[in-house]
Number of protein chains: 2
Amino acid sequence: MPSLDRTSPIPLYHQLKQALMARLKQGEFRPDRPMPTETELMRTYRVSRITVRQAMQALEQDGLIYRVPGRGTFAKEPKISRRLTRLSSFSQDMQERNVRVASRLLDFRQEPANGAVAEKLDLAPESPVWFIRRLRLADGGPVAVNLSYVRLPRGQSITVAELETAGSLWALLEEKEAQPVEADQTLEAIAAQPELAKLLDLPVGAPILLVEGVVYTRWGVPVEYFQVFNRGDRYKFVLHRTR
Amino acid sequence: MPSLDRTSPIPLYHQLKQALMARLKQGEFRPDRPMPTETELMRTYRVSRITVRQAMQALEQDGLIYRVPGRGTFAKEPKISRRLTRLSSFSQDMQERNVRVASRLLDFRQEPANGAVAEKLDLAPESPVWFIRRLRLADGGPVAVNLSYVRLPRGQSITVAELETAGSLWALLEEKEAQPVEADQTLEAIAAQPELAKLLDLPVGAPILLVEGVVYTRWGVPVEYFQVFNRGDRYKFVLHRTR
DNA sequence: AAGTGGTCTAGACCACCTC
DNA sequence: AGGTGGTCTAGACCACTTG
């Protein structure tokens with residue numbers, strides 16, 4: 001019944017993955033119960049085994065199913081955390097957690113990159129970069145301060161208006177032909193300094209989860225260097241790791 | 001010249017991946033310079049294209065290369081962080097960072113699981129679990145306190161001696177037919193409580209990076225629930241994320 | 001026009017598990 | 001014995017980039 005669209009530009013294995021995710025979400029496959037076998041899926045969706053396996057591999061990667069040689073494929077207990085393995089922005093993150101969020105723009109300007117930033121973005125020192133500083137609010141209260149240094153393809157530029165209409169920085173970057181697909185990041189616990197404490201409405205010295213990193217496009221070009229100072233008491237970083 | 005062993009039980013694509021990783025490590029392929037094409041690799045290693053692609057996909061996943069349709073495959077700037085995407089234990093982690101580490105066993109006993117632990121490990125409350133508490137030292141100073149609650153397959157058991165000879169808990173778990181392959185974990189910043197502060201040689205209220213999670217076997221069975229309290233000033237969590 | 005990676009097919013053998 | 005997922009082959013078409 002749920003046939004795939006062979007005229008669509010979307011790969012078959014991706015359509016199949018989406019279809020199976022929908023069925024998983026609906027609870028059609030119970031946790032730890034066998035899912036349809038690869039052969040069955042080949043028949044019902046009329047695709048080759050390799051295509052089925054590409055879809056299943058993606059689902060396993062996302063932690064939605066597990067496979068046991070000789071036995072079969074099984075659905076996993078649904079968990080919110082599972083989907084967060086992927087690279088996701090603050091807006092996406094919060095949306096998935098069903099939190100009402102807002103952003104207050106504190107700074108927005110083009111400026112010459114200092115040494116550290118230039119190195120992270122693989123630029124010559126003093127090259128122009130966009131600097132964006134935002135206060136993140138969830139359910140009305142401050143949760144984080146976000147610093148972004150953005151490097152755009154030559155000739156491209158961004159405006160405050162664009163950032164606001166796009167909804168998120170990453171959505172905007174996609175439009176600018178600089179879609180982020182991977183990131184190196186570090187997480188550490190630090191104590192809040194006075195300025196930060198004031199912005200986040202915390203006592204000086206309160207624990208802060210600092211997430212810092214560089215985001216790359218598909219071609220390995222760095223587009224953004226960011227620092228996010230999260231209130232320790234209001235933010236948890238969720239992660240699903242596979243071998 | 002670097003032929004693959006077809007009699008080996010190790011999959012060809014994995015052998016090929018290892019071979020290419022070795023060549024990358026040696027610096028044979030310069031960053032952002034084209035690597036051999038898939039067709040070339042098919043010829044030189046005498047394998048099919050799918051096998052080549054399986055190997056390349058794994059390398060891309062690990063962040064060692066990137067591929068551009070229509071152009072080719074390219075080596076990436078080598079980074080230490082890249083390899084830490086994988087699931088790794090404290091011992092592995094530190095070894096890769098070239099830090100001399102030691103572990104002091106604080107507690108080791110079998111005890112009935114309380115409600116929270118039982119739920120994480122998917123056990124009935126009061127089921128017996130092993131409780132291990134360790135102080136982690138790097139270069140002589142304390143860096144973390146590690147709490148592990150371990151669930152073993154029926155009939156299996158562990159001893160202090162085994163833990164010490166195996167070197168790490170995970171190495172031991174592999175022997176016990178409970179190899180960890182994936183984990184759900186959360187990271188947050190908290191303030192050090194008095195007992196913890198004393199163990200880690202910190203003032204009360206100092207920032208701590210708490211990493212907490214459940215580790216699963218290949219079959220989706222939880223084996224370990226852990227809490228690691230890391231000194232904020234001596235520990236950074238490094239991560240490479242892909243879309 | 002030629003070459004690249006992205007996708008897809010049909011078919012095959014294997015180790016392993018269940019019956 | 002039959003079914004499962006894991007691996008591997010040979011071949012094909014496509015969109016895209018490069019000369």
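Below, read A as the first sequence line, B as the second, and so on, with proteins coming before strands; counting in each chain starts at 1.
Under 3.5 Å, the side chains of B:Ser103 and B:Arg134 contain no donor-acceptor pair of N or O atoms. When only modelled atom types and interatomic distance are considered, B:Glu212 and B:Tyr225 share a side-chain donor-acceptor pair under 3.5 Å.
Nearest-nucleotide positions on DNA chain C place B:Met56 closer to the 5' end than the other of A:Ile50 and B:Met56.
For the pair B:Glu60 CD and C:dG5 C1', the interatomic distance rounds to 10 Å; values are reported in whole Å. Across the protein-nucleic acid pair, A:Tyr66 atom OH and D:dG6 atom C1' stand 18 Å apart, rounded to whole Å. Residue A:Gln15 contributes atom CD, which lies 12 Å from atom P of C:dT7 at whole-angstrom precision. Across the protein-nucleic acid pair, A:Gln57 atom CD and D:dC8 atom C1' stand 14 Å apart, rounded to whole Å. Atom CD1 of A:Ile65 and atom C1' of D:dT4 are 14 Å apart (whole Å). Between the C1' atom of C:dT4 and the CZ atom of B:Arg53 lies a distance of 10 Å, rounded to the nearest Å. The distance from atom CG of A:Leu4 to atom P of C:dT7 is 15 Å, rounded to the nearest whole Å.
Within 6.0 Å of CD in A:Glu119 there are 12 or fewer heavy atoms belonging to other residues, nucleotides or ligands.
Counting only residues at least two apart or on different chains, no salt bridge (charged side-chain N to carboxylate O under 4.0 Å, His left out) pair has a member in residues 3-13 of chain B.
The main-chain N or O of A:Thr37 is found under 3.5 Å from a side-chain atom of A:Glu40 such that the two form a donor-acceptor pair. Not a single donor-acceptor pair under 3.5 Å links the side chain of A:Arg46 to the backbone N or O of A:Leu4. For B:Gln15 (side chain) and B:Ile10 (main-chain N/O), a donor-acceptor pair under 3.5 Å exists by modelled atom type.
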Could you list the protein-to-nucleotides 12-19 of chain D atom pairs, N/O on both sides, closer than 3.5 Å?
from, atom 1, to, atom 2, distance (Å)
D:dA12, N6, B:Arg49, NH1, 3.2
D:dT18, OP1, B:Arg71, NE, 3.0

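Applying a 4.0 Å cut-off to non-hydrogen atoms, the residues of residues 34-43 of chain A that approach DNA chain D are A:Thr37, A:Glu38, A:Thr39, listed by residue number. Less than 4.0 Å separates DNA chain D from at least one heavy atom of each of the following residues of residues 5-14 of chain B: B:Arg6, B:Pro11, B:Leu12, B:Tyr13.
For the pair B:Thr73 and C:dG5, the criterion of a side-chain N or O lying under 4.0 Å from OP1 or OP2 is met.
The side chain to side chain donor-acceptor pair (under 3.5 Å) test applied to B:Arg109 returns B:Asp107, B:Glu111, not counting sequence neighbours. Evaluation of the salt bridge (charged side-chain N to carboxylate O under 4.0 Å, His left out) rule for A:Arg49 yields A:Glu38 as partners, not counting sequence neighbours.
For B:Arg67, the listed nucleotide lying nearest its side chain is C:dG5; candidates were C:dG5, D:dC8, D:dG6.
At a threshold of 4.0 Å, the pair A:Glu224-A:Arg151 does not count as salt-bridged, since none of the basic side-chain nitrogens sits closer than that to a carboxylate oxygen. With respect to A:Glu182 and B:Lys76, a salt bridge is recorded, a charged nitrogen being found less than 4.0 Å from a carboxylate O.
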